[in-house]
Amino acid sequence: MSSKLQPARGTRDMIGADARRHNAVADTARRIAGLYGFEEWFTPIFEDTRVFSRGLGDTSDVVAKEMYSFEDRGGESLTLRPENTAGVCRALVTNGLTQSLPQKAFYAGPMFRYERPQKGRYRQFHQIGCEILGAAEPLADAEVIAAGWQIIQSLGIAEGVVLEINTLGDAESRDAYRAALVAYFSAHAEQLSADSKTRLEKNPLRILDSKDAADRALVEGAPLITAHLTAGAAAHYAAVLRYLQGFGVPLRENPRIVRGLDYYSHTAFEFVTDRLGAQGTVMAGGRYDGLVEEMGGPPTPSVGWAAGMERLALLMEDAGRTPAAARPVAVVPMGDAAEAPALAALQALRAAGTHAEMAYRGNLKRRLERANKQNARAALLVAEDGGLQWKDLDAGTQVAVSLGGLAGL
RNA sequence: GCGGUCGUAGCUCAGCUGGUAGAGCGCCAGGUUGUGGUCUUGGAUGUCGCGGGUUCGAGCCCCGUCGAUCGCCCCA
């Protein structure tokens with residue numbers, strides 16, 4: 001055992017450029033979501049385990065083997081949230097908001113999944129998300145996707161990211177389709193990969209996005225959901241595509257897209273990229289018309305998505321979009337006796353809304369070196385008699401200024 | 001949960017077929033009489049991820065373990 005403590009497996013510190021990217025993702029997403037009418041919701045980081053076991057479906061790996069569940073001192077089974085959609089639906093019900101629909105919720109925060117860590121995949125990771133609760137109209141599907149696309153664009157990472165979309169249909173369509181798939185794959189069972197043989201029993205739809213070469217060849221000839229859609233489901237999907245065109249969101253239809261969590265129906269979509277290795281999905285979601293009912297509320301058709309903040313931040317880094325650190329003004333007292341007037345000047349700058357700092361020690365030369373290393377934009381030199389010199393550190397020019405004249409700088 | 005690769009100063013890395021560690025950057029202090037980004041001189045820093053084994057001797061070999069990473073699985 002090392003005496004040096006490390007962050008727990010799958011967790012990490014975000015400091016400096018990492019923190020700035022993370023904040024940029026949250027701030028940008030929050031701002032853009034606001035333009036679409038989404039208000040931020042804060043739901044608890046841990047919930048009654050049933051919120052997730054009920055909502056996500058126990059066939060999903062997330063519920064079956066990836067949750068951080070524990071019993072608290074009172075004997076309650078609690079779980080660190082592995083995602084936030086179930087919590088938002090629970091909150092909608094608990095707060096009686098089913099009486100005032102639709103609701104548009106935005107969230108950003110940590111989620112927890114016990115997975116094998118990889119680049120862009122952590123045990124504590126962070127998601128942003130947008131949910132429209134209480135709107136069955138396809139316009140809602142399109143709007144929530146449009147918000148996501150604008151966030152991706154605003155982050156400067158749209159290049160290399162593409163929206164893939166599909167429909168899972170309603171329950172009737174899905175059951176019919178599932179039966180057709182099972183029939184098809186069962187007939188070719190011996191050609192399926194080992195993984196897909198178990199999928200065939202557990203979740204046949206997942207065979208559609210298998211990475212195995214033999215599976216993919218089989219999938220080529222597999223039946224499409226299109227043939228099994230009810231008239232209503234087909235109309236909904238067609239309308240979503242039409243509205244997305246209206247919103248100006250480019251897309252690629254992909255009949256192989258499925259969703260990992262059980263609560264999805266109708267629209268399913270993913271913003272994918274080939275720049276993150278195995279973690280190609282950057283933002284994903286769909287319609288979930290039954291989830292609020294699972295939480296004890298009335299039938300409340302809803303649609304939304306979640307995005308991995310670490311993955312978005314990684315794309316920002318690749319795209320050279322890391323925000324620069326703020327540039328302070330360095331206040332530099334020239335001699336011990338200049339400290340008092342320097343403090344006055346320092347606070348005058350801060351009161352005027354200027355980012356200003358004064359080193360805790362060092363002679364004039366050291367302080368200027370430090371100012372330079374901090375990438376300070378200017379140094380305010382303070383003489384012992386209180387005289388002020390404004391030195392522009394980019395241009396190298398220096399002019400006398402007065403205490404009252406600092407506000408404009 | 002499965003398979004592969006990797007783990008040496010704060011950072012990026014070097015270290016030949018095993019003989020008790022180096023560079024660059026960074027950091028600290030100077031280059032005399034208060035003004036940075038260049039230049040220059042000097043200095044500090046590592047139980048070579050951790051534990052065990054083989055060996056006269058291991059950073060280099062073996063085993064285990066922790067962590068990162070790539071792929072699978074899963075998913076954001």
Side-chain angles (χ1 to χ4, degrees), chain A residues 1-12 15-16 25 56 59-66 82-85 108-129 148 193-196 198-199 202-203 206 209-213 215 257-261 269-273 276-285 304-315 330 332-338 359 362-384 389-398:
Chain A
M1 275 298 176
S2 165
S3 61
K4 264 188 190 170
L5 263 17
Q6 298 179 332
R9 185 164 163 84
T11 69
R12 63 188 198 120
I15 296 172
V25 169
L56 316 199
T59 62
S60 74
D61 278 18
V62 171
V63 171
K65 45 193 187 191
E66 294 178 359
E83 57 95 63
N84 211 164
T85 302
M111 312 292 160
F112 304 85
R113 259 122 94 153
Y114 188 84
E115 291 190 279
R116 176 108 177 226
Q118 267 181 50
K119 183 178 181 184
R121 191 170 97 178
Y122 303 94
R123 288 183 173 180
Q124 176 179 331
F125 61 106
H126 299 78
Q127 287 187 329
I128 53 172
S193 66
D195 280 329
S196 284
T198 57
R199 289 187 184 110
K202 262 180 61 184
N203 196 347
R206 294 224 69 96
D209 65 353
S210 170
K211 289 176 186 171
D212 182 87
D215 287 351
I257 289 206
V258 295
R259 302 275 67 226
L261 306 177
F269 60 90
E270 297 181 359
F271 286 91
V272 298
T273 178
L276 292 178
Q279 277 63 245
T281 303
V282 137
M283 177 182 283
W305 51 257
M309 294 179 68
E310 283 81 0
R311 294 180 186 182
L312 293 171
L314 237 26
L315 288 176
V332 178
M334 297 194 285
D336 291 346
N363 59 26
L364 178 57
K365 180 177 170 167
R366 283 280 161 246
R367 286 169 188 263
L368 282 172
E369 280 175 355
R370 177 174 165 71
N372 209 50
K373 267 162 202 151
Q374 280 185 298
N375 198 24
R377 47 185 261 254
L380 184 66
L381 306 176
V382 185
E384 302 193 342
Q389 295 278 323
W390 181 269
K391 183 181 181 70
D392 184 312
L393 289 176
D394 292 328
T397 55
Q398 188 170 321

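Labels below follow one simple rule: chain letters A, B, ... track the order of the sequence lines, proteins then strands, and each chain is numbered from 1. Just so it is clear, the structure is predicted and the values come from calculations on it, not from any experiment.
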Using the P atoms only, state how far B:U54 lies from B:G59, rounded to an integer number of Å. 16 Å
Go ahead and name the base partner of B:G22; Watson-Crick or wobble counts if both distances stay under 3.5 Å, otherwise write none. B:C13
Min side-chain heavy-atom separation A:P7-A:R12 under 4.5 Å: no
Sugar-phosphate, base or nothing in reach of A:R12, heavy atoms under 4.0 Å: nothing
Please give the distance between the C1' atoms of B:G26 and B:U32 as a whole number of Å. 28 Å
Work out which heavy atom in A:D392 is nearest to a heavy atom in A:A395; give both atom names and the distance. OD1-N, 2.9 Å
Identify the two heavy atoms, one from A:F125 and one from A:E310, that lie closest to each other, and give their separation to 0.1 Å. CA-OE2, 3.5 Å
Which part of the nucleic acid, if any, lies within reach of A:G120 when heavy atoms closer than 4.0 Å are counted: base, sugar-phosphate only, or nothing? base
Say whether A:D215 and A:S210, considering side chains only, have a donor N or O and an acceptor N or O under 3.5 Å apart. yes
Where do A:R123 and A:E115 come nearest, in terms of heavy atoms and distance? NE-O, 2.7 Å
Output a table of nitrogen or oxygen pairs between the protein and nucleotides 3-5 of chain B separated by less than 3.5 Å.
residue: B:G3; atom: O6; partner: A:R116; partner atom: NH2; Å: 3.1

Mind checking if A:K365 touches a base, just sugar-phosphate, or nothing, with heavy atoms under 4.0 Å? base
Hey, is B:G34 sitting syn or anti, using the within-90° cutoff around 0? syn
Taking every non-hydrogen atom, the tightest pair across A:A108 and A:I128: CB-CG2, 3.7 Å
Spacing of A:Q6 atom CD relative to B:G7 atom C1', expressed in whole Å: 10 Å
Between A:R9 and B:C66, is there a side-chain N or O to OP1/OP2 distance below 4.0 Å? no
With sugar-phosphate meaning primed atoms plus P, OP1 and OP2, does A:D394 contact a base, only sugar-phosphate, or nothing at under 4.0 Å between heavy atoms? base
Separation of atom CD in A:Q118 from atom C1' in B:C6, rounded to whole Å: 15 Å
If I pick the P atom on B:G24 and the same atom on B:G30, what distance separates them, to the nearest angstrom? 22 Å
Using Watson-Crick or G-U wobble geometry with both distances below 3.5 Å, tell me the partner of B:G51, or none. B:C63
Should B:C74 form a Watson-Crick or G-U wobble pair with both distances under 3.5 Å, which nucleotide is its partner? none
Quick one: does any side-chain atom of A:R367 pair with a main-chain N or O of A:A359 as donor and acceptor, under 3.5 Å? yes
